[in-house]
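Below: one structure, written as structure tokens.
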2 protein chains.
Amino acid sequence: MAERAGVSQSTVSRALAGSETITEATRRRVEQAAEELGYHVNARAAGLRKGQTGTIAIVVIGRAGQGAARINPFYYSLLGSTCAAAAERGFEALVSFQAEPEEFFGHYVARRQADGLVVIGTATNGAAWDYFRDRAKDSDEIAFWGSPFDDAVWVRSDNLSGGQQAVARLVAGGARDIVFVGDTNSTQRQFSERYDGYCQGMAAAGLTAHPPIESGGEDRVAQGREAVTRLLAQGTVFDGLFFACDAMALGALEELAARDVAVPGAVGVIGFDGLGTGEFSSPPLTTVEPDFAQAGRLLVQTALAGADEKIECRVPVRLVERASVG
Amino acid sequence: MAERAGVSQSTVSRALAGSETITEATRRRVEQAAEELGYHVNARAAGLRKGQTGTIAIVVIGRAGQGAARINPFYYSLLGSTCAAAAERGFEALVSFQAEPEEFFGHYVARRQADGLVVIGTATNGAAWDYFRDRAKDSDEIAFWGSPFDDAVWVRSDNLSGGQQAVARLVAGGARDIVFVGDTNSTQRQFSERYDGYCQGMAAAGLTAHPPIESGGEDRVAQGREAVTRLLAQGTVFDGLFFACDAMALGALEELAARDVAVPGAVGVIGFDGLGTGEFSSPPLTTVEPDFAQAGRLLVQTALAGADEKIECRVPVRLVERASVG
DNA sequence: CTGAAAGCGCTTACAG
DNA sequence: CTGAAAGCGCTTACAG
């Protein structure tokens, strides 16, 4: 290659890397030779020499025993935004889906496969989060979304504001007896923050907050369904429902329909996450959506920042109005 | 590191790579030293020397002007499955979302960032596919899903069988006037294959196939909505609708509900893609779903196989029964 | 502005 | 079974 352009290896390197100290004529010659030979710089060798990878690793945690195709779409959107944010900064994204303990791996930075690591995914996989919590102790180049602990570096939705916005909207729609559904002791820390937002919203409207409704079920959808069943069974009076996540709200919408409870006529419903699926439910689901692009950017920035500049980041949220509230 | 274990660099390398020619005692000593020092093999340097990257690049093509968070969930599922398939074979996955011409990039193999490239995503981004069609000319380590051309290496759903299954189910549900909705001249080649399956299914049932219904609209959902509007406007008699993709079917379901056409009472509806969103539509959407895990495996295998072993692959599909057909 | 040389951190023939 | 040496393909001081 150097031969073809009639220059040294160093010059080829400088020309292709866009160095300032190269004559335009030389650069053109080199570029033409590269074109003719179909030459591309070996990124691996370049990175080895430069000592940086230009790559960010992203791991998506799934539920044990479930395939990657069945990940909550929320995390897919977040993954997409994070990849896009990496690209914005000129970084590649190395992604892996991890659910089973034997596949847990987070030493991307130590192995020099990446300059930073972002971890997202379900908070319900405790073993996975324990593993990555340890990784945060080895390395500063790490950022979490939705981790079930507070002692590491994370990025989260502005859950307090989201909860307040949801309640305010429900109240504006005429609701007074609003209940929050979600386990506030859940591994998903964001749920209790959303409940706090709910409480503040209720107080601001001069209403009394109920304790949170927790329900079982093998996944969020089933939990939402069961919450409705329980509320109805125990004769709770309610005209507004705020769910800790959209998947629950979607299950609840099904259950409400099955029991002929009119939405939004008899009860207004709001979820959290901004799932695209909510566009097609019956009725379409009003939801609190985080700014995905911003979430991706903060995640990447945090993972790349290293120790000292670490901050706990909040991503702004907004209410997406659909038909499930009057 | 070699010092700490009291052996040579070569021995460290062999011990950690699991070479057979190493004493158990030596290996243990090396592993312990690595543990103590928090040493990890530099994957970049190892790969450089070995001449292989252990990585597969995956690019997801999006619609120009649309963020990564708004990609059709079908491609997210396919992405997840492809990453999982790569992991199964011990490969890392380098993923990027590309929509605008200035960000098109496919020289991962030439730059030695990956050993193979798989390209998936919307067929509607013509400029992107033109670009990657050219890449297929440079490199054999490439595989496409849903490419709008037939002259390169691709993996697709078994669309013929899918179309037949859909029609058979609609017929079993009592439908006789079944119409196919989707542009068979579309850039999405799979649509015309699905139409062919529809035609064969109709013939097998002794029914006469209608010409396909094509409709405009800025995205698939709008197209589905408009198709219903048009069918009703022109007074077509129909009791079964088979859509070329779920997104269209979802839009159609909304439009049918808005016009008080009962589903599945007055008309049975089936889509194609296996979108999770279809679980929550009203009614839940019956759909033809490809085997995602298998799709991922075939994509990875094809991208890695290289020139001679190239084959055009079909992924098996199955009918997912939900409530939109009687 | 350009070239010769060293070196990034590994793996792998080649000896022993 | 293990070590010394070469070399993977680049980039970057160091000279000129």
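These numbers come from the heavy atoms of this one structure, side chains and all, not from hydrogens, waters or symmetry mates. Sequence lines set the chain letters: A, B, ... in the order given, protein chains first and strands last, and positions in each chain run from 1.
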Requested in this report: Calculate the interatomic distance between B/Gln9 atom CD and C/dT12 atom C1'; express it in whole Å.
Outcome: 11 Å
Query raised in the report: What distance do A/Ser13 atom OG and A/Arg49 atom CZ have between them, rounded to the nearest 0.5 Å?
Result: 10.0 Å
Requested in this report: Would you check if the distance from the ring center of A/Phe149 to the ring center of A/Phe144 is below 6.0 Å?
Outcome: yes
Requested in this report: Both distances under 3.5 Å, Watson-Crick or G-U wobble: report the partner of C/dA4, or none.
Outcome: none
Query raised in the report: For A/Thr23 and C/dT2, is the shortest distance between a side-chain N/O and OP1 or OP2 below 4.0 Å?
Result: yes
Query raised in the report: When the distance from CD of A/Gln52 to P of D/dC10 is rounded to whole Å, what number comes out?
Result: 17 Å
Query raised in the report: Got a second to check how far B/Ile58's CD1 is from B/Phe97's CZ, nearest 0.5 Å?
Result: 9.5 Å
Query raised in the report: Does the ring center of A/Phe292 lie less than 6.0 Å from the ring center of A/Phe74?
Result: yes
Report task. Select base, sugar-phosphate, or nothing to describe what B/Thr11 touches, counting heavy atoms under 4.0 Å on all strands. Result -> sugar-phosphate
Query - Atom-pair distance (CD on B/Glu24; P on D/dT2), nearest Å - result: 11 Å
Query raised in the report: How many angstroms lie between atom CG of A/Asn159 and atom CZ of A/Arg314, to the nearest 0.5 angstrom?
Result: 6.0 Å
Query raised in the report: Between A/Lys50 (NZ) and D/dC8 (C1'), how many Å, whole number?
Result: 17 Å
Query raised in the report: Just how far, in rounded Å, is C1' of C/dG9 from OH of B/Tyr39?
Result: 7 Å
Report task. Let me know, please, whether A/Arg14 or A/Ala43 comes out on the 5' side of the other along DNA chain D by nearest nucleotide. Result -> A/Ala43
Query raised in the report: Would you say B/Thr26 reaches D/dT2's phosphate, i.e. side-chain N/O to OP1/OP2 under 4.0 Å?
Result: yes
Requested in this report: Grab the CG-P distance between A/Asn42 and D/dC10 for me, whole Å please.
Outcome: 5 Å
Report task. Would you mind classifying the nucleic acid contact of A/Ile22 as base, sugar-phosphate or nothing, using non-hydrogen atoms under 4.0 angstrom? Result -> sugar-phosphate
Report summary line: Answer for the Watson-Crick or wobble partner of C/dA13, both distances under 3.5 Å, is none
Query raised in the report: What is the distance from CG of A/Leu16 to C1' of D/dG9, rounded to the nearest Å?
Result: 13 Å
Query raised in the report: Any N or O donor-acceptor pair linking the side chain of B/Arg49 to the base of D/dG9 at under 3.5 Å?
Result: no
Query raised in the report: Which one, C/dG9, C/dA5, D/dT2, comes nearest to the side chain of A/Ser10?
Result: C/dA5
Requested in this report: Provide, to the nearest angstrom, the distance between the CZ atom belonging to A/Arg27 and the C1' atom belonging to C/dT2.
Outcome: 13 Å
